[in-house]
**Q** 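Mind looking over this structure? Questions follow.
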Amino acid sequence: MPPSASEASSSFALLHERVRRWIWDQQWSELRDVQELAIQTILRGDGDAIVTAATAAGKTEAAFLPICSTLVGDAAPGVQVLYVGPLKALINDQWRRLDGLCESLEIPVHRWHGDVTMSARQKLIRDPHGILLITPESLEALFVRRGSEVGRIFAALRFVVIDELHAFIGSERGMQLQSLLHRLERVLHRRVRRVGLSATLGDMTVAANFLRPPNDRAQAPAIVKSEEAGTGVKLRLYGFRHPLHADDETKKEKDDPTLASIARHLFEHLRGSNHLVFANARGRVEGLTDRLARMCNEAKLPQEFFAHHGSLSRELRFEVEDQLKRGERPLTVICTSTLEMGIDIGAVKSVAQIGVPPGVAALRQRLGRSGRRGEPAILRIYIQEETVTDRSAPQDAIRATLVETIAMVNLMLEKWVEPPLAELVHGSTLVQQLLSLIAQYGGITAADAYALLCASGPFRHVPRAMFTSLVEQLETRELIRRERDGLLLHDEKGEKVVNHHDFYSAFKSPDEYRLVSGGRQLGTLPIVNPVSEGSFLIFAGRRWRIVAVDAEKRVIDLVPSAAGRLPIFDPSDGPDVHDRVRREMLAIYTSDDTPVYLDAEAADLLHEGRRNFARFALANTNFIARGDGALYFPWYGTRAMNTLAQQLAAREIKVSMEGLALVALHITPDALRDAVDACERERPIDTIALAAKVKNTLEEKWDWALDDATRFASYASRKLERNPMPSARAR
DNA sequence: GACCTGCTGCGGATTG
């Protein structure tokens, strides 16, 4: 419910007079509903809060108008507000935004990240005061490098603000942030109010437990939620079918004929205004931008298609972002998740999604980029399907790509999103935090470290015995050593890693070449790419020839060229699909409804998928014979499916995950059914014992340093389910 | 069938 008029005016009245004057100067006609509610919550309450509202609904002001009201005239030495953001570009944006408000209130606003000058940092260290905007990594560096000064710097701390809260939940970086905030409160010997800001939060309990874990709080945070209605969605899903016999024209596009059709459609529909095209993978971004850019050149039109992804240099990305922000000329940006959230690029006229979205949450976030000033958001989805014949395997014949996309759209329209993974063990990040703690205090006993990080801290799923064996393993690895008095110190190797700047991040980074042309940084390329002088490359949506490779410095020099070849970016397993999405797919297969947003080809593909679903009798059985093997369709998400695959492997039944199906060779459907039944009787599953049988459990940054027990527990919490829901079983 | 994120302090040279 929006606040009543009397509540609204009382919100405004709660603000400090100088904050009210600043609002008048902005000539705002009214406060947004999320701002009204946040002012009440923050100024009337004294606990933690989560502020959630759509992009551009004024969340930053919702938090900082009331927070700054409490700061006016407070001259106590020390930083008063610590703001943590996930991106340097976002911190720069927010710094500019807050500076206007805070200048008039005489509250200094500092930023601290890798690109901030040494002199600005020294200014803060000498005279800490006001608001500090920082990344988790730079906060980590403060603890490692200036551990003894943390108490002085933050002596006056009253609020911690976490921006884009959802971007941290469930990740190594999120665990690192939780640990840092807990360590900070330990130094200060008191709790500090936390305020989380987010647009997409599926599960408020998970978000609340992330903001402050239940073992560290008296009461749950207040939830401040905007009730402002959206402006509606215009939605269209286009199907594209690979032709059975390539004709002359498509032969030229032999690599991906339907992508050529998609490019033509985009070219015709998007030219002349601003759009975002989400293409999922960096290689696909390059391929599509290259096609669209060439179409522009051939039509002798000014270039309006540009690429944007994480391997492009900051300069190239900034140019594109800047053009989008200005909105002075038509521009379509083909991107990965880089433009899904964060920095303010303004709204675009429409959004296109190429291929299955990586999840419902991502789809919603992407859609949120479209819809200018009261206009409905426009979303076009393009789905490619392979040629299917009578001999195609069932998992390929049922048009799973299309049906999975329809399932995600349906769930988005129902306002459901995936809850983030929570309650993970995070052994890798625990190693980092233990090494950091030793640096901060100049040594710590194992008992104190356990009490701080695990018993009262965020690593609460690590029992004492596991921590003890972890510490022993780190001694064996020569990362730490134990003094006679029990104090843990860095050993030779530990000293080295902690003193290298790579230490501050909790996540791993791949080895890459740097790409340079005429002294200009273009971006980075994974070293798995075969590179030699004279070979060609497509990068940043343009074509290049390699003129020099410096293998030692890992630098590649490029010059523009007419030919090009698509680069390889690191292949991985693909995004996790949630159980709920797979259940929705089953419901779509067993229904007769055709969603109104499908075009003719997509509708035809859906009917064909349903016909084949019926042909294989998948409504009546989950098991199908195939050659001398068998298929099993559990209608599970990827985590539950991986769990079952590992259980079967432990029973000497080798299965591979092929989309919706588990595929086993040399087995009858009945024998596979018996094995699956036996696996289902094992619940709850001993996932740690199961993880011990998994071939490769080395995934995260510090996994190599973990003892077996902690590594298996980490893998199990991340990749296995103790109690998968019963599979959707036909008779 | 995947994406994204981050980075200190020192010493030495140069400049005001």
**Q** Specify the separation, in whole Å, of atom CZ of A:Phe168 and atom P of B:dC4.
**A** 17 Å
**Q** Rounding to a whole Å, what distance do you find between A:Arg173:CZ and B:dC3:C1'?
**A** 14 Å
**Q** Is the shortest distance from a Lys or Arg side-chain nitrogen in A:Asp93 or A:Lys325 to a carboxylate oxygen in the other one below 4.0 Å?
**A** yes
**Q** Is A:Gly659 touching bases, backbone alone, or none of the nucleic acid, heavy atoms closer than 4.0 Å?
**A** base
**Q** Can you find a donor-acceptor N/O pair under 3.5 angstrom joining the side chain of A:Glu404 to the base of B:dG1?
**A** yes
**Q** Quick one: do A:Lys508 and A:Glu699 make a salt bridge, cutoff under 4.0 Å?
**A** no
**Q** Grab the CD-C1' distance between A:Gln432 and B:dT5 for me, whole Å please.
**A** 14 Å
**Q** Please tell me which of A:Gly283 and A:Arg314 maps to the more 5' nucleotide of DNA chain B, matching each residue to the nucleotide holding its nearest heavy atom.
**A** A:Gly283
**Q** For A:Ser505, which of A:Lys701, A:Glu140, A:Glu172, A:Gln432 qualifies under side chain to side chain donor-acceptor pair (under 3.5 Å)?
**A** A:Lys701
**Q** Rounded off to whole Å, could you give me the CD-to-P distance for the A:Glu172 and B:dC3 pair?
**A** 16 Å
**Q** Taking only side-chain nitrogens and oxygens of A:Arg282, does any of them come within less than 4.0 Å of OP1 or OP2 of B:dC4?
**A** yes
**Q** Could you state the CG-P distance from A:Leu90 to B:dG6, rounded to the nearest angstrom?
**A** 10 Å
**Q** Taking 4.0 angstrom as the limit, do A:Arg582 and A:Glu404 come out as a salt bridge?
**A** yes
**Q** In whole Å, I'd like the distance from the CE atom of A:Met641 to the C1' atom of B:dG1.
**A** 12 Å
**Q** NA contact type, A:Pro575, heavy-atom cut-off 4.0 Å: base, sugar-phosphate, or nothing?
**A** base
**Q** Nearest whole Å is fine: how far is B:dA2 P from A:Leu421 CG?
**A** 19 Å
**Q** Are any protein N/O atoms closer than 3.5 Å to N/O atoms in nucleotides 7-12 of chain B? If there are, list each pair with its distance.
**A**
from  : atom 1 : to       : atom 2 : distance (Å)
B:dC7 : OP1    : A:Gly114 : N      : 2.9
B:dC7 : OP1    : A:Thr135 : OG1    : 2.9
B:dC7 : OP1    : A:Ser138 : OG     : 2.7
B:dC7 : OP2    : A:Lys88  : NZ     : 3.4
B:dC7 : OP2    : A:Gly114 : N      : 3.1
B:dC7 : O2     : A:His501 : O      : 2.5
B:dC7 : O2     : A:His501 : ND1    : 2.3
B:dC7 : O2     : A:Asp502 : N      : 3.2
B:dC7 : N3     : A:His501 : ND1    : 3.4
B:dT8 : OP1    : A:Arg121 : NH1    : 3.4
B:dT8 : OP2    : A:Arg121 : NH1    : 3.3
B:dT8 : OP2    : A:Arg121 : NH2    : 3.3
B:dT8 : O4'    : A:Tyr504 : OH     : 3.3

**Q** Do the side chains of A:Glu418 and A:Arg580 get close enough for a salt bridge, i.e. N-O under 4.0 angstrom?
**A** no
**Q** Classify the nucleic acid contact of A:Arg317 as base, sugar-phosphate or nothing, counting any heavy atom under 4.0 Å across all strands shown.
**A** sugar-phosphate
**Q** Parallel, tilted or perpendicular: which fits the ring planes of A:Phe503 and A:Trp702, with parallel below 30° and perpendicular above 60°?
**A** perpendicular
**Q** Separation of A:Met585 atom CE from B:dG1 atom P, in whole Å?
**A** 15 Å
**Q** Taking NZ, NE, NH1 and NH2 as the nitrogens, is one of them in A:Arg639 or A:Glu721 under 4.0 Å from a carboxylate oxygen of the other?
**A** yes
